[in-house]
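Structure record follows, encoded as structure tokens.
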Amino acid sequence: MTDLILSGVSKTFGNTRAVEPTDLTFAKGQLTALLGPSGCGKTTLLRMIAGLENPTRGQIKLGDDDITDLPAHKRKFGMVFQSFALFPHYTVRENVAYSLIIGGMSKPTALEKAESLLATVQLNGFGDRRVGELSGGQRQRVAIARALAQEPQVFLLDEPMSALDAKLREDMQVELRLLQQRLGITTIVVTHDQREAMTMADTIVVMSNGRVEQVAPPQDIYHRPANVFVADFIGKANFFDGLYQSGGVMIGSQALEVPANFAPESPVRLAIRPESACLATELGPNRIPAVVGFVRDLGPVREYHLTTDIGPIIVEYAAGSDEQKLTAGDKTLVHLPPDALRVYPRTAA
Amino acid sequence: MTVADDIDVAADSPAEATPRLIRKGALYGVLSALMVVFCVVPFILVIVISFGRKVEGAAWVWDFTFENYQRFFVGVLWPDEVTFLYLQQLGYSFYFAIIASLLAVLTALPFTLLLTRLKRSAQAIWLVFILSSLSMSEVFIVMGWDILLSNNSGLPRLFQVTGLTQWLKDVGWFQTLRDIGLANPRNVKFKPSEFATILTMSYLVWPYAVILLYPALSRLDPSLSEAARTMGASRWTVTRTVTLPSIRLPLMGTTLLLFVFLLGSYVTISVFATPDKQTTAVAIYSNIRGSNLNAPFGSAQAVILLISASICLYFGHLLNRKAEAR
């Protein structure tokens, strides 16, 4: 098994640039999530990797082999489609055995192997069923078993959980990750669900408007977002616009210390995660007077929606933590620790 | 039904509801009567006349004889002599209808597949064009093909003028065409021939094939064939193992429908088929309106053709159910 390398790969449909020139390396045995909003080019990128779309420019290599012009049926990358694309005219077992039979394996051997693959995805005894007799989760498992039957070097999944309900989706995310770790296959998952990406991926590729915004492990993506888009798209964040002064940022009349260095008077945007901000009782640097507007208790977390001179701020505490217990209308201070503040250059809108 | 409709219905008193029921009943009654007069009565008449008797030198008289059916299956001289002329005609009806419907479906299938991959606006233009071609009558289409295939002004003339005939002779293929009846000693000749008959019959029903296949093919999930490709299937394997099995029911349904439609084909057969390969439909016309003036025998042939078509449809239905059960 070898790395999958994309060099300057781009795709244009007519006058629309779906994927900007992209350089990416998918490390062998790792699970990478292509994450972004609808229409950001992540599925097009996946389809180019699968050989279902030809790149307009660039090169795709599997190890030392250039596979840019290799047709899909010769790449044999296992792929799970959003709709699962199970063949309705075959039984579950025949679906799983499909790639083996057309690959030249004898039918009895292929069907036997299909049965063991069905056991891998915990579908023992489902082999004789028709696709129409399966639930959404079962269909997904069949699609995974079918894609894995040909023992692919690269395993591709296009929004594999989108057709499942929320509870099943959470279970399947964990299950899929465990299966991938057990088999050690290089896996690329396309998703628009950041929770799904955070749960499953070793590396997340955040995309927007056909561009790669950041490539990093989930924790880095969350705690050290590369730009405003990533900070906004992944998780929740409080944003403030201001002007950089030496050692700090002026937001209106409020000065905040920040660990960044910009040219004086540069317009910047600050971001801070709700759980990184906290309530305070004593005045000090980066502590701003606030009024509680609304308390949202979600069970595992409690959110304080605050009104301040620099704009609305949400502060989040995990259940059981010893924060001040405030109610709507209470006056307080909100602390924005300098090391938790991310500073980004702000371009004119 | 909306809540407002519910309230309206509930508000109707029995006195108001009764005249409405009567009006509704009367409408159904009139429609049923029209159905009986225009559909059932002619059909029953044909069945009844098929048991009638031809009077030589005159028309025919009501009777209840199986002579016409006997004539159809074993000939008029049975039991002294057995002839299968009319069974043979029925055989040609089936032969032409089966080959032409299969040819139409097989050629319409790739076209329709390509059509479904075009942009919506292009698809709409093609569909309107195909639908409009359905408005041309069989006579008009046959006349067009008659000119196109005629020996003096059509394709054979073009073959001769362009030197294609000479080229066929030079490469030795001309003799093969002669062997299958598509050439005379001097030039290629397309009519009368099975080739021209089947070609024109296929052409007649080809738009129907496209229109009937289009809904099924446009609903075909493209990710099915893409999934097969990612699993190592070549384009032909995808067609064989995924596309065709996925649309087998519409394919069978379309073929059956075209087959039944073509069983009654009259103008094409009378223009392009050789005299020894005329079909039951042509024979029915000659008996009822043509030179024979033997309506009872023509009716018997019509009934047998109808029963044969029904049997085919029934078997087609059984095949469909079997395929669905798989």
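Each chain gets a letter, A, B and so on, in the order its sequence line appears, and its residues count up from 1. All values below come from the heavy atoms of this structure, side chains included, with hydrogens, waters and symmetry mates left out. Remember, it's a predicted structure, so these values are computed and weren't measured experimentally.
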Mark yes when over 12 heavy atoms from residues, nucleotides or ligands other than [X] sit less than 6.0 Å from its [atom1]; otherwise mark no.
{"X": "A:Phe13", "atom1": "CZ", "value": "yes"}
{"X": "A:Asp69", "atom1": "CG", "value": "no"}
{"X": "A:Asp64", "atom1": "CG", "value": "no"}
{"X": "B:Met35", "atom1": "CE", "value": "no"}
{"X": "A:Glu151", "atom1": "CD", "value": "no"}
{"X": "B:Arg240", "atom1": "CZ", "value": "yes"}
{"X": "A:Arg182", "atom1": "CZ", "value": "yes"}

Problem - B:Thr230 and A:Pro152, any side-chain heavy atoms less than 4.5 Å apart - result: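 They are not in contact (no side-chain heavy atoms under 4.5 Å apart), so the answer is no.
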
Exercise for the section: Measure the shortest side-chain to side-chain distance between A:Phe84 and B:Asp221 over non-hydrogen atoms and say whether it is less than 4.5 angstrom. Expected result: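 No, too far: nothing below the 4.5 Å cut-off.
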
Problem - Largest heavy-atom contact set with chain B, pairs under 4.5 Å, which of A:Lys76, A:Gln82, A:Lys74 - result: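 If we count pairs closer than 4.5 Å to chain B, A:Lys76 comes out on top.
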
Practice task
Determine the option with the most heavy-atom pairs under 4.5 angstrom with chain B, choosing from A:Pro71, A:Gly78, A:Ser99.
Solution key: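 Result: the option with the highest number of such pairs is A:Ser99.
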
Exercise for the section: Could you look at B:Thr241 and say if it's the side chain, the backbone, both or neither that has a heavy atom under 4.5 Å from chain A? Expected result: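 Interface part for B:Thr241: both.
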
For [X], which atoms come within 4.5 Å of any heavy atom of chain B: side chain, backbone, both, or neither?
{"X": "A:Leu86", "result": "backbone"}
{"X": "A:Arg47", "result": "side chain"}
{"X": "A:Phe81", "result": "side chain"}

Closest contact, heavy atoms only, [X] versus [Y]:
{"X": "B:Ala233", "Y": "A:His73", "answer": "O-CB, 3.1 Å"}
{"X": "A:His89", "Y": "B:Pro245", "answer": "CD2-CB, 3.3 Å"}
{"X": "A:Phe87", "Y": "B:Leu224", "answer": "CE2-O, 3.3 Å"}

Exercise for the section: Look up atom CZ in B:Arg229 and atom CZ in A:Arg75, then write down how far apart they are to the nearest 0.5 Å. Expected result: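 Answer for the CZ-CZ pair, B:Arg229 versus A:Arg75, is 10.0 Å.
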
Exercise for the section: Starting at CE of B:Met231, measure out to CZ of A:Arg146 and round the result to the nearest 0.5 Å. Expected result: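 Result: 3.5 Å between the selected atoms.
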
Problem - Residues of residues 101-121 of chain A near chain B, each having a heavy atom less than 4.5 Å away - result: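 Residues A:Ile102 are the ones that qualify, each having a heavy atom under 4.5 Å from chain B.
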
